[in-house]
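Let me begin by presenting the structure, written as structure tokens, before commenting on it.
As the structure is a computational prediction, the values presented were derived from the model and not from experiment. When a ligand or atom number is given, it counts from 1 through the structure's own listing order.
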Amino acid sequence: MMQRWHRKKSHFPLVAFIFLGIIVCSILYNESSIQQVHEEDPSNQGPNRQQHATTVTYVKPNLGTHSNLAPVLLDRFSRCNSTSEYSGKRIRWGDSKVERGRRKSSESCDVFAGKWVFDSESYPLYNESDCPYMSDQLACHKHGRSDLGYQHWRWQPHDCNLKRWNVTEMWEKLRGKRLMFVGDSLNRGQWISMVCLLQSVIPADKRSMSPNAPLTIFTAEEYNATIEFLWAPLLVDSNSDDPVNHRLDERIMRPDSVLKHSSKWEHADILVFNSYLWWRQGPVKLLWSAEENGACEELDGLGAMELAMGAWADWVASKVDPQKKRVFFATMSPTHLWSREWEPGSNGNCYGEKMPINWEGYWGSGSDMPTMRMVEKVLGRLGSKVSVLNITQLSEYRKDGHPSIYRKFWETLSPEQLSNPKSYSDCIHWCLPGVPDVWNELLFHLL
Ligand SMILES: *[C@@H]1O[C@H](CO)[C@@H](O)[C@H](O)[C@H]1NC(C)=O
Ligand SMILES: *[C@@H]1O[C@H](CO)[C@@H](O)[C@H](O)[C@H]1NC(C)=O
Ligand SMILES: *[C@@H]1O[C@H](CO)[C@@H](O)[C@H](O)[C@H]1NC(C)=O
Ligand SMILES: *[C@@H]1O[C@H](CO)[C@@H](O)[C@H](O)[C@H]1NC(C)=O
Ligand SMILES: *[C@@H]1O[C@H](CO)[C@@H](O)[C@H](O)[C@H]1NC(C)=O
């Protein structure tokens, strides 16, 4: 067992009600079925119970077997014509054939529970300047960071050792395969880390990188293998799917469609998904596939993420054969925006931090517990079809691992900003070499 799993009964009372089978009427719309379920309100079961019924509409996600019926694609120019409150529609995904229980492993050690150990012998696993695919957003040494301690930490699980990172062995695992990372800029950092970890043993004329696009592909000819990154910060189709020109102010998503993205990821052999920070920026607009006039609904980030995870989970439940495809979900990457959380009385952020937090179980406000619970619930229902890359706690300790001011900033910094470094510090992404290398060692360990 990778993870200790706390399965609570009746996590999903609504599902139970469906199977109590009160009134189900099914309307087929395109290839997605919309079901009206009239259910009894569970709070009205006392002696003074009133005649009262609520209506919940369930929508089956659009997985795109008939692409001619695909909803109009959103792009960064998409706008809502009107916005109303969330109607309560939910994603209904099939899980009848999913076997319960987590993916079995030969060991029973929780590799995500452990501590950081300073190890300047074996770490870093590669040199920042030796990796031609390094990003200017993550190359902290190049951008002036002189304390390099952040590169020298090894993750040591409490009850076992991680498999020793071995480039040859990793390439053998990838031979003839497509490894694809799907998600936001944190996941892109993990992808760059993986490419940097692996590229050095491939001769320069036998490797290539495609131009930056929604799907960017590193190819290693000799191994007939690719390491790819697909930009899909909300997992489902959205108006933020351009990796460069995207808007954060009005995020519109199709809660019931992963179509645009799944057509790109469905043939990958190993998939690593993430999604988190894009849901932490206030409410999200929902544009259901059946809604053709741009009438949106608005929902808080956590609720919207749960809908998106539902559409994603339906894809996993219906399309993934765990014998043929490995699917991982990386949990929240924590931020370190408030130093008072680890050093009461202080007033900074990750800027100037040189050491990890040495406080077992530390959990800051950058990691949202309700989000974790929701993710746990969704992944729990997918059973052995998905493995968890539970990077949250171990990354929580690494307040020293962020670029802060040592990266390229695309916008021009004002003199006021420059005179107050913490005001423009990046305490979200991670320097490379650094923390994401360890996420990849964990992936290697679990593959
Ligand atoms: C990084 O570079 C230094 C000096 O240039 C070298 O001693 C070291 O072995 C290199 N490390 C790796 C992992 O290649
Ligand atoms: C790395 O893996 C390869 C292939 O599995 C193996 O031959 C080699 O001995 C390993 N190297 C180390 C240092 O363990
Ligand atoms: C290369 O890998 C792809 C799958 O990614 C496979 O379809 C193809 O047959 C492989 N080619 C060779 C020459 O092995
Ligand atoms: C908004 O309404 C207009 C006119 O009805 C329609 O042409 C347009 O497609 C709608 N916008 C969206 C995003 O659906
Ligand atoms: C990840 O680990 C934390 C403990 O560090 C645990 O609370 C959480 O439930 C785990 N999340 C998942 C999705 O397994």
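Backbone and side-chain nitrogen or oxygen atoms of W363 are examined, and none is located within less than 3.5 angstrom of a nitrogen or oxygen of ligand 5. Residue N166 places at least one N or O, backbone or side chain, under 3.5 Å from an N or O of ligand 2.
The two residues L337 and N349 have their closest heavy-atom pair at O-CB, 3.2 Å.
Under the side-chain contact (heavy atoms from CB on, under 4.5 Å) test applied with Y150, the options E353, R398, M355, H402 reduce to a single match, R398.
In this comparison of K377, R373, M374, the heavy atom closest to atom 7 (O) of ligand 5 sits on R373. Looking at I391, L389, N390 and measuring to atom 10 (C) of ligand 5, the nearest heavy atom belongs to N390.
With sequence neighbours excluded, no residue forms a salt bridge (Lys or Arg N to Asp or Glu O under 4.0 Å) with E396. For the salt bridge (Lys or Arg N to Asp or Glu O under 4.0 Å) test, no residue two or more places apart in sequence or in another chain qualifies with D300.
Judged purely by distance below 3.5 Å, without hydrogens or angles, the side chains of S395 and S333 never pair a donor atom with an acceptor atom.
Contact annotation for atom 14 (O) of ligand 2: protein present (non-hydrogen atoms, distance under 4.0 Å).
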